[in-house]
Amino acid sequence: MKHCLLIIILLGSLFQATAAPEQKAAPSDTNNIPLGRVSRHDDIKREQIKCEKLDGKEDGFLRAGSNETVNSQVNEALFRKPNELRNWIEKNDLQFPNNNEKIRYLRYIANVLSSFRVKALARQITPAELPALMYTAERMMKAEADGRSILPFLEQSTYPVARIAAAVFADSADRYPANAILYLKYAHLNPEKTLQTIAPFAKEPYADSLIAEAARLNPVQFYSYAQSQSSTVGKLIHRNTDKMVMQVAALSRTDNALLYFPFLDDLLSGKQTIDSIKKYVGDGEKTYDSVGYYQLLARTATAYARRMAAPLRDTPMAYYGANGLMDMLYTKAKSHFITPINTLHDESNLNVRMKAIQPLTAADLYYMIIMGENDIYTSSYKHSFTRMLQLMGSKPRGDS
């Protein structure tokens, strides 16, 4: 019986030895790797383990969501692809003939995973984007090993992926154009930050188009940058050939430019000109026509209100915001009319007290009242409202 049992065990061992396929050393196996590079492989494996925990579970599987196909692709990118690349580096003595080159490329893999983990924790990239990141990193590594440019792969990537890849390959010969590509992606995602960030990329061919986009996004902010003509961004603005940019640049060189700014939309469309506005602005002091300028603001506000109503719903540029049309309308209503009549609140003679508003039309008074509702005294409001009704005729209508 003992002999039979021994024979069965021996046959079982023989069957296992012949049936199992020959196992090659797995890419994660460091037994055949020179001691000087073992720690680099360990760095990659440690990062794989840390990344796997991004879903809050330590179960050997990174879940990016409920889609199992996506989860499978994410884990292929996290485990199989880095191991495959490690194996490629170790076996590739032709492109990586010495220890230092192999270490450098192994470090690329570890840095990609490390950067991905940090950005994922900061919610600047999602786990679902890991396959695209590893795809880009692999092609960039192989392009650099072949002596080719890494730029096409950055251009094809999303900003979160390109941001990590560009940082990992910061020692590449293409690092400067890579940064320019990265900035363009950033600017398209954050156009409101273009004026604050574009200076280092002023010589890039896309700089002029980004400047034109920034002008339309925030004309008020754009105007302030245009005033600094000697700065890098100021020079970018003043060399630009875009119609709107040129108009804002011209305004920034005009005396008392802020008084023209509320009419930017009309200036661009040709409905008004700097000269047509200048007859009211004058020199901003002695020859300044306060009533005429305020009435021009009110007429423009009425015209803009029609555009903003249905069906057009078109908000003019420089309508809101600091020094915009509504801001200027309030400022001038308060300083030229509300403050003078409030100051004379003890004056019993209405012709004296309300003298400041005598030249105003019903529409002018309407804007004065609604813009200055928090500043106008009750008595000043009552007299102004009565005056507005008188000017509207014997049968005043609210919609008139």
Side-chain angles (χ1 to χ4, degrees), residues 20-31 33 37-92 104-145 150-170 178 181-182 185-186 188-190:
E22 183 181 353
Q23 295 289 322
K24 295 182 180 180
S28 58
D29 183 9
T30 56
N31 292 334
I33 295 171
R37 293 199 295 277
V38 169
S39 64
R40 299 302 176 186
H41 286 267
D42 289 342
D43 288 343
I44 296 170
K45 288 185 281 184
R46 274 192 292 271
E47 284 301 331
Q48 288 173 306
I49 293 170
K50 289 178 181 178
C51 288
E52 178 269 316
K53 298 176 185 176
L54 284 171
D55 59 2
K57 297 179 181 179
E58 191 174 350
D59 56 4
F61 192 83
L62 174 58
R63 289 194 173 276
S66 58
N67 188 311
E68 293 306 321
T69 300
V70 173
N71 287 332
S72 176
Q73 293 170 346
V74 167
N75 284 273
E76 283 277 304
L78 177 57
F79 295 109
R80 187 185 63 79
K81 182 54 65 178
N83 291 343
E84 196 177 82
L85 288 172
R86 290 197 291 122
N87 199 40
W88 169 67
I89 292 166
E90 284 298 333
K91 291 183 175 182
N92 193 344
R104 182 159 72 95
Y105 277 78
L106 290 169
R107 190 183 295 120
Y108 282 155
I109 302 172
N111 288 346
V112 167
L113 293 173
S114 173
S115 296
F116 164 74
R117 176 173 54 83
V118 171
K119 299 297 184 188
L121 287 170
R123 299 186 181 278
Q124 295 174 359
I125 194 170
T126 65
E129 292 175 278
L130 181 58
L133 174 60
M134 289 307 303
Y135 175 88
T136 299
E138 177 185 15
R139 276 147 187 77
M140 288 173 67
M141 287 174 63
K142 290 183 176 179
E144 186 165 285
I150 64 172
L151 299 182
F153 308 106
L154 284 178
E155 289 173 342
Q156 296 162 13
S157 302
T158 62
Y159 176 69
V161 167
R163 185 182 186 186
I164 291 175
V168 169
F169 288 82
I181 290 171
L182 189 64
K185 293 178 182 293
Y186 171 84
H188 284 322
L189 290 175
N190 305 278

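Residues passing the salt bridge (Lys or Arg N to Asp or Glu O under 4.0 Å) test with Lys53, sequence neighbours excluded: Glu58. Qualifying side-chain hydrogen bond (donor to acceptor under 3.5 Å, both in side chains) partners for Glu129, counting only residues two or more places apart in sequence or in other chains: Thr126. Scanning for side-chain hydrogen bond (donor to acceptor under 3.5 Å, both in side chains) contacts around Asp43 gives Arg46, with sequence neighbours left out. Under the ring pair (Phe, Tyr, Trp, His ring centres under 6.0 Å) criterion, Phe116 pairs with no residue at all, not counting sequence neighbours. By the salt bridge (Lys or Arg N to Asp or Glu O under 4.0 Å) test, Glu52 pairs with no residue at all, sequence neighbours left out. Under the side-chain hydrogen bond (donor to acceptor under 3.5 Å, both in side chains) criterion, Asn92 pairs with Gln95, sequence neighbours left out. Contacts of Thr69 classified as side-chain contact (heavy atoms from CB on, under 4.5 Å), with partners at least two apart in sequence or in another chain: Asn67, Gln73. Scanning for ring pair (Phe, Tyr, Trp, His ring centres under 6.0 Å) contacts around Tyr105 gives Phe96, Tyr108, with sequence neighbours left out. In this structure, the side-chain contact (heavy atoms from CB on, under 4.5 Å) partners of Lys119, at least two apart in sequence or on a different chain, are Gln124, Ile125, Arg163, Ile164.
Minimum interatomic distance between Asp55 and Arg63 (heavy atoms only, all atoms of both residues): OD2-N, 2.9 Å. Closest of all the heavy-atom pairs between Asn75 and Gly60 is OD1-O, 4.4 Å. The two residues Val70 and Ala64 have their closest heavy-atom pair at CG1-CB, 4.4 Å. Of all heavy-atom pairs between Ala137 and Val112, the closest is CB-CG2, 3.9 Å. What you find for Ala166 and Leu182 is that their closest heavy atoms are CB-CD2, 4.1 Å.
Contact of the Ile44 side chain with the Leu85 side chain is not registered, since no non-hydrogen atoms from C-beta on lie closer than 4.5 Å. Looking at Lys50 and Leu113, their side chains never come closer than 4.5 Å, going by heavy atoms from C-beta outward.
At distances below 3.5 Å, not a single donor-acceptor pair connects side-chain atoms of Asn111 with backbone N or O atoms of Val168. Judged by distance alone, with hydrogens and angles left aside, the side-chain atoms of Asn71 form a donor-acceptor pair with the main-chain N or O of Gly65 at under 3.5 Å.
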**OP:** Walk me through it: do His41 and Val38 pass the test side chain to side chain contact (heavy atoms under 4.5 Å, CB included)?
**Re:** CA-CA 5 Å; His41 286 267; Val38 169; 5.8 Å; no
Original post:
Does the pair Arg86 and Asn83 meet the rule for a side chain to side chain donor-acceptor pair (under 3.5 Å), with working shown?
Top reply: CA-CA 5 Å; Arg86 290 197 291 122; Asn83 291 343; 2.9 Å; yes
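Atom OH of Tyr186 has more than 12 heavy atoms from other residues, nucleotides or ligands within 6.0 Å.
Residue pairs satisfying the salt bridge (charged side-chain N to carboxylate O under 4.0 Å, His left out) criterion with at least one member in residues 133-143, sequence neighbours excluded, are listed as follows: Lys81-Glu138, Glu138-Lys142. Residue pairs that meet the salt bridge (charged side-chain N to carboxylate O under 4.0 Å, His left out) test with at least one member in residues 106-118, sequence neighbours left out, are Glu47-Arg117.
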Name every donor-acceptor pair, under 3.5 Å, that has one atom in a side chain of residues 150-160 and the other anywhere in the protein, sequence neighbours excluded.
unit_1	atom_1	unit_2	atom_2	d
Gln156	NE2	Pro152	O	3.4
Ser157	OG	Thr136	OG1	3.2
Ser157	OG	Phe153	O	2.6

